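Throughout, protein chains are lettered first and strands after them, A, B, ... in sequence-line order, and every chain is numbered starting at 1. All values reported here derive from a predicted model rather than from experimental measurement.
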There are 2 protein chains.
Amino acid sequence: MPPMPSPRPLERVAGAHDAAVLAIARRGEPVSRAELAEALAVTPQAISKILARLMERGLMAEAGTLVLGPGKPTTLYRVVPTSRRAIGLHLTRRRLHGVVVDLTGEIIERREQEIGAPPPIPELIPALAAQARELAAQGPGELLGVGLGMPGPVDWPAGVYRGTSTPDPWRGAPIRALLAAELGLPVLLDHDSRAALVGEAWSQPDLLRNAALLLVEDGLGAALSLEGTTVRGAHFQAGEVGHTVVRMDGAACTCGRRGCAQAEYHAALAAGDEAAAARVLATVVLDLVRTVDVDRVILGGRTVYAQHETSMDAIRTALHEGFAAEPWVHVEVMLSTRGTDLIAVGAACQVLEHEYGLPQALVGPG
Amino acid sequence: MPPMPSPRPLERVAGAHDAAVLAIARRGEPVSRAELAEALAVTPQAISKILARLMERGLMAEAGTLVLGPGKPTTLYRVVPTSRRAIGLHLTRRRLHGVVVDLTGEIIERREQEIGAPPPIPELIPALAAQARELAAQGPGELLGVGLGMPGPVDWPAGVYRGTSTPDPWRGAPIRALLAAELGLPVLLDHDSRAALVGEAWSQPDLLRNAALLLVEDGLGAALSLEGTTVRGAHFQAGEVGHTVVRMDGAACTCGRRGCAQAEYHAALAAGDEAAAARVLATVVLDLVRTVDVDRVILGGRTVYAQHETSMDAIRTALHEGFAAEPWVHVEVMLSTRGTDLIAVGAACQVLEHEYGLPQALVGPG
DNA sequence: GACGTATCGCAACAGCGTTGCATTACTCTG
DNA sequence: CAGAGTAATGCAACGCTGTTGCGATACGTC
């Protein structure tokens, strides 16, 4: 996306408040001015002005009244899901999966498409654009843009896919710019696991202040939400836990080193030892929780769906044992609410987040 | 500290800008209005008002002029280090170490005191208070409060030391409230490693947007600064990497599990194999960098000082090899600038940070 | 139907940064 | 050594934010 003129300080206040109201309303239940005033620590009168702005933009609407006792009934407000749309694409080496979602992140329509071998960029971009255009034809609401999630490292500000060490036809391709030019729409390119976490967080904003999402697809990836912000990292690859060492001098990994979580996981699966594989996952999660101290862990990815009971049990047991001496630590382990659409939905939600999410900085050209 | 009335939204803007200016000025070199306007993305005129507020409070002062070419010379501004003071205490089972620092985090005076065995709380609190009072007598400037850093888990909002599983006379003690009552000063209680990182970040604000500090004292601890905020975690124990598993089924740990980093580290040291110990440290750092993607790692703690060359070399080598396939990843490994005062200074800086740091929340009763 | 109550809206206000323009203090030119 | 050019600064009016005070509205209760 082109760099915008940085908003004026007072616009940032207004924007932050608008985003906060939207975040609360997104949970689904109609809200009253009083609740919002409480949550934002402003006067009800300020909420009136904030809601006026949001209704002006069509993002929110009145939703009836509620009589609680004597006095004038409370007016309730809700988001207007159909007011905006975003497209999310999930690209892997084998598949192209896309969705359109409404403002609340609910799926309007989905597309799935197998791609034989990774096509070269000049073929890939039109294929992505074609699916995006099909999806763009669906549903009402202003179309905000396209989010694209893919595995592997990404140069986020540049929108360039960095690629892996193996021969990779997409390596170094400025995918974001190419797709944006092709479609004439804003495009956001990010990591698959980060997209997935943003997607989960979009529909349950305050639950995931400190959460980790573990994505088990071909590789092992994670994303972190800490103190309310989804961490991107200095090199835009925070959460790449696949090559974290869980057994020094252990199984050889494709990366040339030994005992990487990913290598141990696949070695165990190859040996048919599902329990051992689950134990590796559990160790990764335990280390993750110890390191960043999240209170929620979300499991996602095609590979875990098959044996999610085993994995979740192993993880819960490991957490229980590992924190036995620290009874104040409670970690909720849950399965992604989005199934196999997880990453595509997340990619779409990144667009929503970009437009209507809480800004992270109150100061500077953020 | 008592809950303050949450600042009005516009005061939050002013406060954030004041803090941002202070953060830039803290780097040491005098700054001009133009630089500040650039950094904060506001007009020079706004900087005039911000500086007027800061000079009113005695936090900043003019620092001469600079002639660059034709036109009126630029007026320069700097912080007034002597305008404020904070006390920092570092409490371990064996030692009580304290400092007073000025507004820039420079040490005015230090005290160190051995304590035979961990005294019971009714003796501990007066001992802490006595050292704090001695330190409070030193140096000019308004005394803001006392920071206390200690190893082991802490219930941060409650100011309660949670203690370890071993018999622990301090377990569950509301140390913050007790000390605050004794001294009649605000007290902040936090983790030793987090304090250390806050201390490092206070004197080099923008360098440590994504950084990890590894503290090797009796145990192994870390603290994380991600996207500019020092992570506290859902249970206020983020960075507790000591019991992270680096060798599944490895050396037995005091925690009852196997292959914890701390256990492997001490096992290697006990066997006299410093190289192996350094490799364990290196693995911890590598996993940390993979997981949270920091671009700076700071080493601190009494134990590393003895053999910091070996440790740093092992870490640098491991990072170099581990990220060989990702040439865009550069991680700076450095030694703490504070020596053994690291944690005491950090605890003091937490008070400064609390008062004059950038607010993390834009909205709500933050 | 009058009263108490809670919500809501209008209008005036304070404080933030912005804008436009005058002032100041320097260098450079002739 | 004036006078022009230049860049930083200050003053005043302004727009926008949320706040405050008060009146209007709509409900339940007596």
Side-chain angles (χ1 to χ4, degrees), chain A residues 5-21 30-57 60-77 359 361-366, chain B residues 5-21 30-57 60-77 359 361-366:
Chain A
S6 70
R8 292 175 177 22
L10 288 194
E11 291 173 9
R12 269 200 287 260
V13 172
H17 281 163
D18 293 0
V21 166
V31 286
S32 66
R33 286 169 147 92
E35 291 172 71
L36 293 168
E38 169 80 25
L40 271 67
V42 296
T43 57
Q45 193 53 237
I47 298 293
S48 288
K49 296 194 181 178
I50 293 166
L51 283 171
R53 287 196 299 260
L54 289 169
M55 301 202 306
E56 172 79 19
R57 295 205 280 164
M60 294 196 66
E62 297 195 358
T65 56
L66 187 66
V67 178
L68 289 163
K72 185 170 176 177
T74 311
T75 315
L76 296 175
Y77 298 83
L362 185 50
V363 79
Chain B
S6 70
R8 289 173 179 23
L10 288 194
E11 291 173 9
R12 267 199 291 260
V13 172
H17 281 163
D18 293 1
V21 166
V31 286
S32 66
R33 284 170 148 90
E35 291 172 71
L36 292 169
E38 169 80 26
L40 271 67
V42 296
T43 57
Q45 192 53 236
I47 298 293
S48 288
K49 296 194 181 178
I50 292 166
L51 283 172
R53 286 196 300 261
L54 290 169
M55 301 202 314
E56 173 80 18
R57 296 205 278 164
M60 294 196 64
E62 296 197 358
T65 57
L66 187 67
V67 178
L68 290 161
K72 184 171 177 175
T74 310
T75 315
L76 296 175
Y77 298 83
L362 291 71
V363 84

Between atom CG in L76(A) and atom P in dC27(D), what is the gap in whole Å? 14 Å
If you go through the side-chain atoms of Q45(B), does one of them form a donor-acceptor pair with the base of dG10(D) closer than 3.5 Å? yes
Does any non-hydrogen side-chain atom of I50(A) lie less than 4.5 Å from one of L36(A)? no
Got a donor-acceptor pair under 3.5 Å from the side chain of K49(A) to the base of dT19(D)? yes
Is any side-chain heavy atom of P9(B) closer than 4.5 Å to one of H17(A)? yes
Closest to side chain of A46(A), choosing from dT18(C), dG18(D), dT7(C): dG18(D)
A side-chain contact here means heavy atoms from C-beta on lying under 4.5 Å apart; do S32(B) and L76(B) qualify? yes
Is T75(B) touching bases, backbone alone, or none of the nucleic acid, heavy atoms closer than 4.0 Å? sugar-phosphate
Hey, which sits more toward the 5' end of DNA chain D by its nearest nucleotide, P70(A) or A14(A)? A14(A)
Figure out the CD/C1' separation between E38(A) and dT7(C), and round it to whole Å. 16 Å
Would you kindly give the CD-to-P distance between E11(A) and dT19(C), to the nearest whole Å? 10 Å
Minimum-distance pair of heavy atoms, taken over all atoms of P30(A) and A63(A): CB-CB, 4.3 Å
If you look at every strand shown and take non-hydrogen atoms under 4.0 Å, does S48(B) touch a base, only sugar-phosphate, or nothing? sugar-phosphate
V13(A) side chain, from C-beta outward: closest of dT19(C), dT17(D), dT7(C): dT17(D)
Select base, sugar-phosphate, or nothing to describe what I50(B) touches, counting heavy atoms under 4.0 Å on all strands. sugar-phosphate
What distance do T74(A) atom OG1 and L66(A) atom CG have between them, rounded to the nearest 0.5 Å? 5.5 Å
Rounded to whole Å, how long is the line connecting atom CG of L51(A) with atom C1' of dG18(D)? 14 Å
Heavy atoms from C-beta onward define the side chain here; which of dC8(C), dG28(D), dC26(C) lies closest to that of V67(A)? dG28(D)
Distance, rounded to the nearest Å, where L68(A) contributes CG and dA26(D) contributes C1': 14 Å
Listed nucleotide nearest any side-chain atom of P73(B), set dT18(C), dA25(C), dT27(C): dA25(C)
From CE of M55(B) over to P of dT9(D), roughly how many Å is that when rounded to an integer? 11 Å
When you match V42(B) and E62(A) each to their closest nucleotide on DNA chain C, which lands nearer the 5' end? E62(A)
Counting just side-chain N and O atoms, does H17(B) come under 4.0 Å of either OP1 or OP2 of dG17(C)? yes
Here the distance between atom C1' of dT23(C) and atom NZ of K72(B), to the nearest Å, is 8 Å
Taken to the nearest whole Å, CZ/R12(A) to P/dG18(D) is 14 Å
Nearest listed nucleotide, side chain of L10(B), among dC8(C), dG15(C), dT24(C): dG15(C)
Could you state the interatomic distance from CZ (R12(B)) to CG (L10(B)), rounded to the nearest 0.5 Å? 9.5 Å
Under 4.0 Å between a side-chain N/O of R53(B) and OP1 or OP2 of dG17(C), yes or no? yes
